[in-house]
Amino acid sequence: MANNNLFSDFEAVSSKQWKQQIQYELKGADYNETLVWESPEGIKVKPFYHNDETAINLDAIVPTKPFAIVQNIFVHDVKKSNARALETLQRGAESVRFTLENDTVSIEELMQNLPLENVNYYFNLPFLSVEFTNNINDFASKNKANIFIQNDPIGQLVKDGNWFENLEKDIEKLNTIASKTTVPFLTISSGIYQNAGANIVQQLAYTLAQANEYFNRIPAINQPITIEVAVGTNYFFEIAKLRALRLLFNTLASEYNHNLDCHIIATPTKRNKTLYDYNVNMLRTTTECMSAILGGADAVANLAYDAIYHKDNEFGDRISRNQLLVLKHESYFDKVNNPADGAYYIETLTEQLAEKALELFKDIEKNGGLISQLIDGTIQRKINESAQKEQELFDSGKEVLLGTNKYPNKNDQMKNDLELYPFVKQNARKTLITPIIEKRLAEKLEQERLSQEQ
């Protein structure tokens with residue numbers, strides 16, 4: 001059989017011809033009002049994209065290795081955490097992220113008998129300690145382990161409202177760590193912006209501005225920087241977001257002669273997760289993990305369907321891990337490392353998001369940088385404005401969460417199932433800045449329903 005190119009038998013159809021045909025079939029309805037919609041970022045989305053209107057030539061912005069499946073483990077008990085890490089690695093996890101309570105944890109005991117070859121270990125530190133970071137680095141060097149240490153003082157300021165100590169001392173410690181550490185030691189925790197309601201352009205710009213603060217204040221960053229990202233529900237936009245993030249970071253880093261690609265860990269957002277009809281959360285996290293993978297995340301840590309109201313549990317972990325295993329080993333999402341390349345819609349979104357984020361980033365820098373704008377409240381105000389717009393869409397039913405504000409099960413009872421408090425807690429305390437608070441869209445509605453349960 002001859003290997004003919006079948007498409008050569010058909011005449012090319014121009015974008016103008018497509019528009020004419022669409023306009024004809026609209027029977028007088030306005031093309032722009034009917035088919036073009038505008039995203040919260042101000043991007044007008046067209047009904048189709050064509051190569052004669054798309055002149056985009058983006059450099060490769062995807063990692064060279066397939067994504068890794070990450071298991072999150074909060075270390076309360078070292079022995080139990082060690083056993084849990086070993087079990088999850090045997091059951092399909094490929095990386096482990098330990099969140100440590102304090103600097104008394106024994107790294108040797110925590111890592112005992114864990115496989116070191118081809119496994120990444122992340123140590124998320126909610127404290128800043130030069131000595132402890134050096135201990136982890138020494139363990140990594142001695143055992144040839146692939147370790148990422150997650151220090152983020154600016155992220156601490158954003159989330160908590162205060163530095164670990166103060167700006168000068170925190171940055172001084174990071175510079176000391178940078179001079180002694182050979183493993184990656186720095187993280188940008190940008191997921192909080194998404195979970196608090198920032199739009200995609202804001203998320204990208206604030207992440208870039210946070211990276212710029214570190215590049216300015218820590219001259220000797222000779223290791224990859226880790227970026228934690230929360231992935232939202234807008235499927236194609238989220239793919240483009242991760243691609244734009246890598247493009248923007250590499251552009252900024254090159255200005256500081258930092259030629260190492262960032263390491264992106266993606267996790268589904270909490271913002272659209274619901275207490276009622278909670279099984280729908282599995283559908284939401286599945287598409288969000290798909291966006292993360294197709295967008296080029298280096299690692300994906302899924303969110304358990306019951307994470308907002310249950311403590312860590314084996315069943316929730318297994319389901320969330322199996323979602324990623326199905327995507328990787330049954331859906332073959334790991335076989336192509338650039339599946340979004342050449343898709344006119346995604347390429348266009350990537351360029352538009354990157355351009356808008358770069359414009360906002362320049363404005364932030366012109367007005368003193370991220371830390372200054374956090375201190376004067378500008379960043380918080382902008383995120384609140386964006387979050388309020390999204391909340392209004394949810395409250396009016398224009399943004400739908402099935403089982404919650406559309407087709408709710410009135411017989412669903414949740415009051416007796418709450419192991420964790422699933423709503424925003426705000427305690428009165430003295431802080432340097434107003435912290436940025438994560439908040440889910442369904443919280444108010446869920447509180448009303450809980451109060452009505454018998």
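Bear in mind the structure is a predicted one, so any value in this text is a computation, not a measurement. Heavy-atom basis, side chains included; hydrogens, waters and symmetry copies ignored.
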Gap separating the CZ atom of R84 from the CG atom of D317, nearest 0.5 angstrom:
4.5 Å
Could you check E446 against T404 for side chain to side chain donor-acceptor pair (under 3.5 Å), going step by step and ending with a plain yes or no?
CA-CA 8 Å; E446 289 170 350; T404 300; 4.9 Å; no
Criterion side-chain contact (heavy atoms from CB on, under 4.5 Å) against I265, the qualifying member of I227, T226, V229
T226
Steps toward side chain to side chain contact (heavy atoms under 4.5 Å, CB included) verdict (L303, I308)
CA-CA 9 Å; L303 188 72; I308 63 172; 5.5 Å; no
Evaluate whether atom CD of E131 has more than 12 neighbouring non-hydrogen atoms of other residues, nucleotides or ligands under 6.0 angstrom away.
no
Least distance between heavy atoms, I221 atom then I218 atom
CG1-O, 3.3 Å
Sidechain N-carboxylate O distance under 4.0 Å for R321, E94
no
For the pair F215 and F249, name the ring-plane relationship: parallel under 30°, tilted 30 to 60°, perpendicular over 60°.
tilted
If every non-hydrogen atom of I147 is compared with every non-hydrogen atom of V183, which pair is closest and at what distance?
O-CB, 3.6 Å
For Y309 versus D417, what's the shortest heavy-atom pair and its separation?
CD1-O, 3.6 Å
Salt bridge flag under 4.0 Å for residues E288 and K273:
yes
Donor-acceptor contact present, side-chain R271 to main-chain K439, <3.5 Å:
yes
Looking only at side-chain N and O atoms, does Q71 offer a donor or acceptor that is under 3.5 Å from a partner on S95?
no
Side chains of S189 and D152 only: does a donor on one sit below 3.5 Å from an acceptor on the other?
yes
So does Y193 get a backbone contact from the side chain of Q203, meaning a donor-acceptor N/O pair under 3.5 Å?
no
How long is the straight-line distance from CG of L294 back to CD1 of I239, given to the nearest 0.5 Å?
4.5 Å
Taking atom types as modelled, find out whether Q323 and N302 have a side-chain donor-acceptor pair closer than 3.5 angstrom.
yes
Between D160 and R429, is there a side-chain N and carboxylate O pair less than 4.0 Å apart?
yes
Under 3.5 Å, side chain of T88 to main-chain N/O of A93, donor-acceptor pair present?
no
Suppose we call two aromatic rings close when their centres sit under 6.0 Å apart. Are F132 and F127 close by that rule?
yes
Evaluate ring-ring contact (aromatic ring centres under 6.0 Å, His included) for Y121 paired with F148, printing each intermediate quantity in order.
CA-CA 6 Å; Y121 293 93; F148 293 77; over 10 Å; no
Minimum heavy-atom distance I436-Q380, with the two atoms named:
CG1-CG, 3.9 Å
Report the C-alpha distance between D395 and Q391 in whole Å, list the side-chain angles of each, state the deciding distance to 0.1 Å, and finish with yes or no for side chain to side chain donor-acceptor pair (under 3.5 Å).
CA-CA 6 Å; D395 293 343; Q391 189 68 53; 3.1 Å; yes
Assess, by modelled atom type and distance only, whether the side chains of R97 and N124 contain a donor and an acceptor separated by less than 3.5 Å.
no
Using the rule given for salt bridge (charged side-chain N to carboxylate O under 4.0 Å, His left out), can you reason through E87 versus K80, listing the C-alpha separation, both sets of side-chain angles and the distance that settles it, and then say yes or no?
CA-CA 10 Å; E87 180 190 19; K80 288 181 180 179; over 6 Å; no
For A297, which residues count as a side-chain contact (heavy atoms from CB on, under 4.5 Å) partner, sequence neighbours excluded?
L242, I264, A266, A292, V300
Parallel, tilted or perpendicular for Y421 and F423, by the 30°/60° rule?
perpendicular
Is a side-chain donor-acceptor pair under 3.5 Å present for T269 with N195?
yes
Heavy-atom check, side chain of I188 versus side chain of E228, under 4.5 Å
no
In terms of relative ring orientation, are Y278 and Y305 parallel, tilted or perpendicular, with 30° and 60° separating the classes?
tilted
Taking atom OG of S190 and atom CD of Q202, what is their separation to the nearest 0.5 Å?
13.0 Å
Taken to the nearest 0.5 Å, the spacing of Q210 CD from I364 CD1 works out to 11.0 Å
Does atom CD of E359 have more than 12 heavy-atom neighbours from other groups under 6.0 Å away?
no
Could you go through R284 and T274, starting from their C-alpha distance and side-chain angles, then the distance that decides it, and tell me whether this counts as side chain to side chain donor-acceptor pair (under 3.5 Å)?
CA-CA 10 Å; R284 298 178 182 123; T274 56; 3.0 Å; yes
Any carboxylate oxygen within less than 4.0 angstrom of a Lys/Arg side-chain nitrogen, looking at E385 and K389?
no
Decide yes or no on side chain to side chain donor-acceptor pair (under 3.5 Å) for R381 and N384, but give the supporting numbers first.
CA-CA 5 Å; R381 177 170 52 82; N384 286 336; over 6 Å; no
Measure across L353 and K241 and return the closest heavy-atom pair with its distance rounded to 0.1 Å.
CD1-N, 4.0 Å
Salt-bridge test for E453 and R449: reply yes if a basic N is under 4.0 Å from a carboxylate O, no otherwise.
no
Under a 4.5 Å cut-off applied to non-hydrogen side-chain atoms, are V326 and S331 in contact?
yes
Does R243 come within less than 4.0 Å of D341, counting only side-chain N to carboxylate O?
yes
E365 versus N212, side-chain donor and acceptor atoms under 3.5 Å
yes
Which distance, rounded to the nearest 0.5 Å, do you find between the CD1 of I433 and the CH2 of W163?
8.5 Å
Charged N-O contact under 4.0 Å between D298 and K65:
no
Ion pair K270/E438, N-O distance below 4.0 Å
yes
Do D306 and N313 pair up side chain to side chain, a donor and an acceptor below 3.5 Å, judged on atom types alone?
yes
Could you grab the distance from atom CD1 of I136 to atom CD1 of I149, nearest 0.5 Å is fine?
4.5 Å
Residues forming a side-chain contact (heavy atoms from CB on, under 4.5 Å) with K406, sequence neighbours excluded
V400, L402
Quick one: does S179's side chain have a donor or acceptor within less than 3.5 Å of a partner on T176's backbone?
yes
We want to know whether Q352 and E41 form a side-chain donor-acceptor pair, criterion being a heavy-atom distance below 3.5 angstrom.
no
Where the side chain of N102 meets the backbone of T104, is there a donor-acceptor pair that is under 3.5 Å apart?
yes
Could you tell me if the side chain of T182 sits less than 4.5 Å from the side chain of N137, heavy atoms only?
yes
Do the charged groups of E392 and K398 touch, with an N to O distance under 4.0 Å?
no
If I compare all heavy atoms of A357 with all of L204, which pair ends up nearest, and what's the gap?
CB-CB, 3.6 Å
What class does the angle between the rings of H263 and Y122 fall in, given that below 30° is parallel, 30 to 60° is tilted and above 60° is perpendicular?
tilted
Greater than 12 external heavy atoms within 6.0 Å of K173's NZ:
yes
